[in-house]
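This is a predicted model, so every value here is computed, not measured.
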Amino acid sequence: SACPPLPCIDANVAEMTDEEVEAWTERAVKDVNVWDTLAGVIERTRRFEVSSKTHVNPEENLNNEMNTMSLEEGENTSNSHFQTYPNLNQLTVNEYNPGEGIGSHVDTVTAFGDGLLAITLNGGIVMEFRKTTVDDDAAADKNITRKLVYLPPRSLAVLSGDARYKYEHMIVSRMTDTVDGKILPRKLRVSLTLRTALTKPVLDETAERFSLAQSKVVQSPLPKYESKVFPPRWGQKSDADLMNANGDVDNNGSSSSDRSALFTPATESKHVHAVYDAIATQWHHTRGKRGVLWPGATQFLETLSPGSIVADVGCGDGKYFAEILKHSYFIGFDMSEELLKTAATRDKADDNTQKCVDGPQYQNLSKAKRTLSAHPAVAVADCIHVPLIRGSCDAAICIAVMHHLSTEKRRIRCLSELKRIVKVGGRINVQAWALEQTHDSKRKFHGTDVLVPFNAQPKYLQTPRKENGNNDQNISSVESKGKGVAQMMAEQYNGAEFDSKKNLVVFQRYCHMYRKGELESLCNQVPGLEVLESSYEKGNHVVSLKVCGVGGS
């Protein structure tokens with residue numbers, strides 16, 4: 001499939017009880033994990049029992065009056081039963097600003113099965129349903145049945161039976177709706193529409209139009225196309241495809257196949273993602289605010305054409321944003337939401353002043369560029385799945401990111417993604433830690449895959465969220481007796497250590513140290529990438545690349 005997969009809870013979700021799905025979704029909400037929250041909402045919707053008439057066969061429903069939406073007056077529900085829609089496999093997300101609507105239509109009968117489920121978020125709306133009938137005695141006379149249904153925020157509307165097949169539905173473009181005599185101003189509305197996409201029908205050769213009733217074979221739902229991997233990417237394989245092609249995926253998301261690059265290893269989750277979320281405030285305070293940039297990266301940015309669109313993949317706290325904004329524009333991505341928050345909530349001065357926004361690198365920016373830096377275009381995203389279409393950027397930088405990738409397949413995948421999002425002829429700058437350090441360096445590495453300590457001051461740390469979503473700052477007197485803040489913090493973080501001599505919390509960051517020529521070798525394995533230049537800079541290996549063809553993924 002070309003479109004991104006739906007989020008899913010787990011491959012074994014069918015074995016989970018309704019209560020377990022509910023609890024799983026609640027944890028995702030408390031953790032502000034949007035991808036997992038959406039996965040939980042979808043699964044709960046599939047299991048939601050909808051009161052429906054006994055006739056639920058799509059072909060029979062073509063000849064029965066609308067029931068699920070209860071648009072008919074005085075409907076008899078004595079023979080109703082509960083129905084679920086377990087095969088929902090497509091999600092459409094629409095955003096409606098006040099004044100916007102949709103034209104009258106019926107969703108294509110042969111494309112989707114019975115049961116369209118729409119979740120309304122933020123702002124309510126009045127949806128209009130119309131059914132046109134023609135009097136047999138006077139073909140020119142048309143009778144229009146018109147029904148108005150208010151969909152309040154956080155509601156689920158189910159279109160089934162004739163509501164699905166015979167009635168057209170629409171949203172009139174206007175700024176207000178009238179509900180029970182009250183005028184309600186419209187707000188921004190986000191709708192999540194879940195459908196069951198069907199296989200292509202085999203039609204009777206004599207059929208004049210597509211319809212379920214005229215199909216020679218019964219249509220069946222398309223297989224679910226889902227993944228736990230976030231963020232999703234166009235053309236990404238579903239988890240089921242990965243398992244079918246390459247064997248089972250283990251509990252850590254690892255696979256023996258080439259596609260194992262799609263899954264984040266436990267090493268990176270624990271010793272990269274979790275660490276940077278924990279140390280984000282101190283990292284920004286000691287790095288971003290000082291404005292310390294690698295000369296090779298700034299020189300690369302200075303050579304770009306004015307007005308270029310630059311993807312900063314692994315942007316962290318956005319310390320290169322000001323440098324990019326001197327001549328170009330940026331889109332930033334990082335897996336650490338906490339680091340991105342420091343980029344998006346700078347200690348900025350009044351926009352009407354010429355004072356520095358946050359660090360010396362912002363001092364010479366114009367007012368317009370300072371506004372852009374204070375409201376950066378950033379998103380939580382993995383360098384393995386950059387949520388941009390092919391060739392959408394003029395250039396890309398990836399600074400101090402690739403040494404946190406723990407397998408060669410993931411390193412190649414990262415380079416492939418950088419190549420994919422940059423247009424043909426565009427350039428890429430990549431920097432990563434070198435095994436070969438200078439004689440005056442404080443760091444000496446005795447292997448290529450190491451854990452590098454980061455000493456965190458307790459004042460910058462917050463009590464981490466627990467698996468149940470709680471973020472309770474209170475520690476019992478029994479637990480805290482005789483312990484300092486640093487020791488208690490170290491015990492709260494999984495994998496952190498307490499340095500009693502320095503009274504610090506020590507986190508271990510996974511890093512892969514690149515040997516001379518290793519980065520170039522990886523780049524040569526990506527079709528369509530050309531190495532223009534390679535260099536060594538202050539303990540880092542640097543490659544400057546050019547996209548010379550589409551090739552690859």
In plain terms, say whether R46 and E226 are close enough for a salt bridge, that is, a side-chain N and a carboxylate O under 4.0 Å apart.
yes
Would you kindly say whether S160 and Y85 are connected by a side-chain donor-acceptor distance under 3.5 Å?
yes
Atom CD1 of I428 and atom CG of L415: how far apart are they, to the nearest 0.5 Å?
8.0 Å
With side chain to side chain contact (heavy atoms under 4.5 Å, CB included) as the criterion, how do F129 and V149 come out once you've worked through the C-alpha distance, each side chain's angles and the decisive distance to 0.1 Å?
CA-CA 8 Å; F129 292 82; V149 178; 3.9 Å; yes
Any donor-acceptor pair under 3.5 Å linking the side-chain atoms of T196 with those of N89?
no
Tell me, with the steps shown, if I102 and Y96 meet side chain to side chain contact (heavy atoms under 4.5 Å, CB included).
CA-CA 9 Å; I102 53 175; Y96 299 94; 3.4 Å; yes
Between the main-chain N or O of L188 and the side-chain N or O of N97, is there a donor-acceptor pair closer than 3.5 Å?
no
Heavy-atom nearest pair, A395 first then V422, reads C-CG2, 3.9 Å
Side chain to side chain, H105 and H169, heavy atoms closer than 4.5 Å:
yes
Is V93 close to V190 at the side-chain level, that is, under 4.5 Å between some pair of heavy atoms?
yes
How far apart are the closest heavy atoms of Y165 and G113, and which atoms are they?
OH-C, 3.8 Å
Indicate the ring-plane relationship of Y276 and H404, choosing parallel, tilted or perpendicular according to the 30° and 60° boundaries.
perpendicular
Please answer whether the main-chain N or O of V41 pairs with a side-chain N or O of T45 as donor and acceptor at a distance below 3.5 Å.
yes
Is there a donor-acceptor contact under 3.5 Å linking the side chains of E49 and T84?
no
Short side-chain to backbone donor-acceptor contact, D394 and I309, under 3.5 Å
yes
Spacing of I421 atom CD1 and S392 atom OG [to the nearest 0.5 Å]
6.0 Å
CD1 of I412 to CD of E417, rounded to nearest 0.5 Å, is 13.5 Å
When rounded to the nearest 0.5 angstrom, what distance separates CG in L151 from CD1 in I171?
7.0 Å
Between Y320 and V310, is there a side-chain heavy-atom distance shorter than 4.5 Å?
no
Would you mind reporting whether I42 and P7 have side-chain heavy atoms less than 4.5 Å apart?
yes
Close side-chain approach of W24 to I9, heavy-atom, < 4.5 Å
yes
Close side-chain approach of V179 to P152, heavy-atom, < 4.5 Å:
no
Got a donor-acceptor contact below 3.5 angstrom from the S328 side chain to the L325 backbone?
no
Just by modelled atom types, is the V386 backbone N or O under 3.5 Å from a matching donor or acceptor in the R420 side chain?
yes
In terms of side-chain geometry, is the basic nitrogen of E268 or R410 positioned less than 4.0 Å from the acidic oxygen of its partner?
yes
Give the minimum heavy-atom separation between A311 and L388, together with the two atoms involved.
CB-CD1, 4.4 Å
If we only count heavy atoms from C-beta on, is the F48 to L156 side-chain gap below 4.5 Å?
yes
Start with the C-alpha distance between T92 and R195, add both sets of side-chain angles, then the distance that settles side-chain hydrogen bond (donor to acceptor under 3.5 Å, both in side chains), and finish with yes or no.
CA-CA 8 Å; T92 302; R195 302 177 177 89; 3.1 Å; yes
Should the pair D114-R164 be classified as a salt bridge under the 4.0 Å nitrogen-to-oxygen rule?
no
Derivation of the salt bridge (Lys or Arg N to Asp or Glu O under 4.0 Å) call for E128 and R146:
CA-CA 7 Å; E128 183 173 325; R146 179 171 173 264; 2.9 Å; yes
Modelled atom types, side-chain donor and acceptor of T120 and R154, under 3.5 Å:
no
So, do F333 and D382 sit near enough that their side-chain heavy atoms are less than 4.5 Å apart?
no
Kindly give the heavy-atom pair with the smallest separation between G316 and L340, and that separation in Å.
O-CD2, 3.7 Å
Considering all heavy atoms, the nearest C398-L418 contact
CB-CD1, 3.8 Å
Please check: side-chain N/O of S173 versus main-chain N/O of G101, any donor-acceptor pairing under 3.5 Å?
yes
With distance as the sole test, does E43 use its side chain to make a donor-acceptor pair with the main-chain N or O of G40 at under 3.5 Å?
no
List the atom of V401, the atom of G314, and the distance in Å for their closest heavy-atom pair.
CG2-CA, 3.6 Å
Evaluate the side chain to side chain contact (heavy atoms under 4.5 Å, CB included) criterion for residues T264 and M335: first the C-alpha distance (whole Å), next the side-chain angles of each, then the deciding distance (0.1 Å), finally the verdict.
CA-CA 11 Å; T264 303; M335 273 301 289; 5.6 Å; no
Is a salt bridge present between K30 and E26, judged by a nitrogen-to-oxygen distance below 4.0 Å?
no
When rounded to the nearest 0.5 Å, the distance separating NZ of K341 from OG of S336 is 9.0 Å
Let me see the working for L405 and V272 under side chain to side chain contact (heavy atoms under 4.5 Å, CB included), right down to the final yes or no.
CA-CA 9 Å; L405 301 177; V272 181; over 6 Å; no
Sidechain-backbone polar pair: T17 side chain, E20 backbone, donor-acceptor under 3.5 Å
yes
Keeping R186 on the side-chain end and E100 on the backbone end, is there a donor-acceptor pair under 3.5 Å?
yes
Give a yes or no on whether the backbone of S308 and the side-chain of S305 come within a donor-acceptor separation of less than 3.5 Å.
no
side-chain contact (heavy atoms from CB on, under 4.5 Å) with Y150: which of I125, V126, T178?
V126
Quick check for you: to the nearest 0.5 Å, what is the distance between K131 atom NZ and K147 atom NZ?
9.5 Å
